[in-house]
Number of protein chains: 2
Amino acid sequence: MWRRKNTLPHFFAMPRVKLFDEKEVLTKAMNLFWKQGYSATSIQDLVNYLGINRASLYDTFGDKEKLFKKSFELYRKQSIDKICQFFESHPNVKEGFSELFKEAILDKDRKGCFAVNNTTELIPNDESCLKILSGNKLDFENLFYEYLKKGQMAGQLKECKDLQALASFLFIIYNGILVVSKIQTNKKELTNSIDLALSLLA
Amino acid sequence: MWRRKNTLPHFFAMPRVKLFDEKEVLTKAMNLFWKQGYSATSIQDLVNYLGINRASLYDTFGDKEKLFKKSFELYRKQSIDKICQFFESHPNVKEGFSELFKEAILDKDRKGCFAVNNTTELIPNDESCLKILSGNKLDFENLFYEYLKKGQMAGQLKECKDLQALASFLFIIYNGILVVSKIQTNKKELTNSIDLALSLLA
DNA sequence: TCGTAAACGGAACAATCGTTCTGTTATTAT
DNA sequence: ATAATAACAGAACGATTGTTCCGTTTACGA
């Protein structure tokens, strides 16, 4: 069997390159889905906001659902990277969580958290998203757990706590903050609640 | 100017009565919006699920947004009534919150909380919903506060706490539980977190 | 320079969106 | 019985949905 490679003289040819940066466009898509949610964001919205052609959108990202999944994938990577760096640059556990939560309440444009928004919008109507969000929960709780453990070994936690339970608790608090911050932008009240929650650590 | 009333003999006439119970249908609409969210629920979905005609839907409830608002209004009334009764039938504060939260984690069909779902879906894209949800937050925090106060006066809280901060904290916890319950139905882990949070009360 | 193939712009697709309209049916005071 | 009128069933509306297709443009290896 002969291969096509041999039969055609100019088989390999390079087409024109993309006129847009794929990751840059994906970041834009992420931000629009984040703000509007999956269902409320139309392809036309995306075409307008991303500034690329419909055909380019479909050629590059597949369909709407695929683009959404890729957007959320990017968000997950970014937020996990951010948390890791955040913990590394905050050696004290209690201070670290305090700063993390207090940063979360500065939600000027009320977008909340893309993961939390997806949880409430897409569960229980999208099975595949449940898997992703379950994984996301585990990732966060594990990060929280390791951070707590490091703090415990450094003697930052007074008593011997159930770190697993503490990690779950902190994840719940984090989710709660990310919901309530969309309603309430009064920093003072939320700060008090955070201090109250973190009094369980020391 | 003569009035039409005088020119026609039988001006007042009663039409046929509704073949469906308005509140019953509204409850159904509430449940569908609750499960699917506002954007993901089409009029056709509603017509199928409610079992009434399109025209009847529009005649009775106005348009989609009005039906949604009425659905959520019904939900708010029901949940506030439920909380009031719940607190009245649970004289001990800590036990009351414990039971309330532990009831929330039994979310078999993963619908979550209609109010939380609406918060993440509709803010910041619907200004009128922000007002409603702000009011809802205040209502809940006030209910929590009064309940805490009653418990404090009954000597159920050891120290003299900042009850306002405690109420806000419990509202955040409640929201967090109502999000995470959609992902995690493992009761044990969530129960531990609830116990941890409520250790701040006694 | 030339041919290839992907990116591009934009029209076009069927399906569905929320909403309105048109008759018909059914009820009740007269 | 009759007239009036709202509820009913269902077709129809234009607009928008997500997606595909077509023809052109453009970059790059040969």
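In the text below, chain A, chain B and the rest are named by the order of the sequence lines, each starting its count at 1. Not measured: the values here are computed from a predicted model.
- Atom CZ in A:R54 sits about 10 Å away from atom C1' in D:dT16, given to the nearest Å.
- Atom-to-atom, CG of A:L46 to C1' of D:dT19 comes out at 13 Å; the value is rounded to the nearest Å.
- When the nearest nucleotides of DNA chain D are assigned to A:A55 and A:Y38 by heavy-atom distance, the more 5′-ward of the two goes with A:Y38.
- Residue B:K35 qualifies as open at atom NZ: its count of foreign heavy atoms under 6.0 Å is 12 or below.
- Between B:F114 and B:Y75, the ring-plane angle classifies as perpendicular under the 30° and 60° cut-offs.
- Look at CG on B:D45: it is 12 Å from C1' on C:dG18, rounded to the nearest Å.
- A cation-pi contact, defined as under 6.0 Å to the ring centre and within 45° of the axis, links A:K64 to A:Y38.
- Nearest to the side chain of B:I43, among D:dA9, C:dC8, C:dT19, sits C:dT19.
- Atom pair A:N53:CG and C:dA6:P shows a separation of 17 Å (rounding to whole Å applied).
- Heavy atoms of B:T41 sit under 4.0 angstrom from primed sugar atoms or phosphate atoms, though from no base atom.
- Here C:dT19 presents its C1' atom at 17 Å from CZ of B:F61, a figure rounded to the nearest Å.
- In this structure, A:K28 does not pair ionically with A:D21, as no charged nitrogen and carboxylate oxygen lie closer than 4.0 Å.
- C:dC8 atom P lies 11 Å from atom CG of A:L57, rounded to whole Å.
- Remark: A:S42 is in phosphate contact with D:dT17, judged by side-chain N or O atoms under 4.0 Å from OP1 or OP2.
- Between B:K66 atom NZ and C:dG18 atom C1' there is a gap of 13 Å when expressed in whole angstrom units.
- For D:dC8, one of the phosphate oxygens OP1 or OP2 lies less than 4.0 angstrom from a side-chain nitrogen or oxygen of B:S56.
- Relative to the side chain of B:Y58, the nucleotides C:dT19, C:dC8, D:dG18 differ in distance, and C:dT19 lies closest.
- Remark: C1' of C:dT16 and NZ of B:K64 are 12 Å apart, rounded to the nearest angstrom.
- Residue pairs meeting the salt bridge (Lys or Arg N to Asp or Glu O under 4.0 Å) criterion with at least one partner in residues 166-188 of chain B, sequence neighbours excluded, are absent.
- Taking only side-chain atoms of A:D59, from C-beta outward, the nucleotide of C:dA7, D:dG18, D:dC8 with the closest atom is C:dA7.
- Distance from the side chain of B:D63 is smallest for C:dT19 among the nucleotides C:dC8, D:dG18, C:dT19.
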